[in-house]
Amino acid sequence: MQTIGVLGGMSWESSLDWYRLANEMVRAELGGFHSAPILLDSLDFADIEAMQAAGDWEAAGAVLAAHAKGLEAAGAGLVVLCTNTMHLVADRITDAISVPFLHIADTTAEAIRAARLRTVGLLGTAFTMEQAFYRDRLAVHGITTLIPDAEDRATVHGVIYDELVQGVVTEESRQKYRDVIARLVDAGAEGIILGCTEIELLIAQEDAPVPVFPTTALHVAAALRAAGL
């Protein structure tokens, strides 16, 4: 297998899941003492979050591009970014490296198309739900994306930043998300994208009446296939 360069730490709660899932999948496939060949660059999320809040995506893109170049220089055969939101600056990363970059929205789109769905609801940070970068990427694959209304978007975003990135998981917030999902389904969503890597700490398939697409797990599986598993 090629070594996978992982840009993580945004937040480390979900990066931990990315790393765990990768190693569990390799062990399940190869058995014995096998584990995933990974170079993990874990950034300080406080720095990135401040850039998000300020809308300074240019600076954030420059930081991630520099770290991606470092992973390539250290021997990574492909690079992944284990956060949905920061794919807003994915172009800066791909421009900075010569090895492949595996876009999380593409791996999610592949799963949605395999399920023969065309219209899905998107849960994520306000940046992911409200800006076009994610929905536009899905549209290239023929997928229509619905987002929650303003009040529900605020709820979803608040739970991510006030709770999940801090490792706080509550039944109250789980029920709030279930209610948001139900409203998206009523609006025509045939499936739900868990479009923030932390959401998988809170929501699973049993929490939705339609298929859910866990972007972290899908991204990990695709990265391992791309690396030669």
Side-chain angles (χ1 to χ4, degrees), residues 8-18 45-46 48-55 57 60 81-90 103-105 107-109 111-112 117 119-139 143-219:
M10 298 165 279
S11 70
W12 69 261
E13 294 283 350
S14 60
S15 299
L16 180 65
D17 250 18
W18 206 104
F45 186 42
I48 300 299
E49 191 278 333
M51 295 173 194
Q52 291 176 343
W57 301 104
L81 174 60
C82 53
T83 158
N84 283 273
T85 297
M86 296 313 298
H87 277 74
L88 194 154
V89 298
H103 198 294
I104 198 168
T107 63
T108 303
I112 294 167
L117 305 183
T119 303
V120 294
L122 173 63
L123 302 181
T125 66
F127 311 111
T128 300
M129 292 186 288
E130 295 173 1
Q131 300 199 44
F133 73 98
Y134 209 94
R135 287 176 280 131
D136 286 351
R137 191 86 180 198
L138 294 174
I143 297 166
T144 299
T145 307
L146 306 178
I147 61 172
D149 64 23
E151 183 177 352
D152 282 348
R153 292 197 303 271
T155 296
V156 171
H157 181 88
V159 169
I160 292 168
Y161 278 85
D162 297 339
E163 298 178 19
L164 298 180
V165 300
Q166 308 292 337
V168 176
V169 177
T170 70
E171 187 59 35
E172 179 183 1
S173 291
R174 182 174 288 114
Q175 187 56 52
K176 289 179 181 178
Y177 268 53
R178 288 171 178 157
D179 293 341
V180 173
I181 289 169
R183 286 188 280 274
L184 284 169
V185 172
D186 287 344
E190 303 167 314
I192 299 294
I193 299 173
L194 307 183
C196 175
T197 48
E198 284 83 14
I199 294 177
E200 287 159 71
L201 304 174
L202 182 69
I203 294 296
Q205 182 58 66
E206 59 265 25
D207 296 303
V210 295
V212 300
F213 296 92
T215 54
T216 301
L218 294 170
H219 199 212

For N84 and T215: C-alpha separation, side-chain torsions, deciding distance, then whether side-chain hydrogen bond (donor to acceptor under 3.5 Å, both in side chains) applies.
CA-CA 8 Å; N84 283 273; T215 54; 3.0 Å; yes

Assess whether atom CD of E206 is packed by more than 12 heavy atoms of other residues, nucleotides or ligands within 6.0 Å.
yes

If we ignore hydrogens and angles and just use 3.5 Å, is the side chain of [X] paired with the main-chain N or O of [Y] as donor and acceptor?
{"X": "Q205", "Y": "F213", "result": "no"}
{"X": "Y177", "Y": "V156", "result": "yes"}
{"X": "E163", "Y": "S173", "result": "no"}
{"X": "D207", "Y": "A204", "result": "yes"}

Please report the C-alpha distance between Q175 and D179 in whole Å, then the side-chain angles of each, then the deciding distance to 0.1 Å, and finally whether the side-chain hydrogen bond (donor to acceptor under 3.5 Å, both in side chains) criterion is met.
CA-CA 6 Å; Q175 187 56 52; D179 293 341; 3.0 Å; yes

Find the distance between [atom1] ([X]) and [atom2] ([Y]) and round it off to the nearest 0.5 Å.
{"X": "M10", "Y": "L81", "atom1": "CE", "atom2": "CG", "value": "5.0 Å"}
{"X": "H219", "Y": "T197", "atom1": "NE2", "atom2": "OG1", "value": "10.0 Å"}
{"X": "H87", "Y": "Y134", "atom1": "NE2", "atom2": "OH", "value": "7.5 Å"}

Testing V120, T119, I193 for side chain to side chain contact (heavy atoms under 4.5 Å, CB included) with L146, which one passes?
T119

Any chance you could lay out the salt bridge (charged side-chain N to carboxylate O under 4.0 Å, His left out) test for R178 and E171, step after step, and finish with the verdict?
CA-CA 10 Å; R178 288 171 178 157; E171 187 59 35; 3.1 Å; yes

Where do A217 and E200 come nearest, in terms of heavy atoms and distance?
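Minimum heavy-atom separation between A217 and E200: N-OE1, 3.3 Å.
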
How would you list all residue pairs meeting side-chain hydrogen bond (donor to acceptor under 3.5 Å, both in side chains) that involve residues 120-132, not counting sequence neighbours?
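Every pair satisfying side-chain hydrogen bond (donor to acceptor under 3.5 Å, both in side chains) with a residue in residues 120-132: T85-T125, T85-T128, T125-T128, E130-R153.
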
Run the ring-centre check on F127 versus W57 and record whether the distance is less than 6.0 Å.
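Between W57 and F127, which both carry aromatic rings, the centre distance is below 6.0 Å.
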
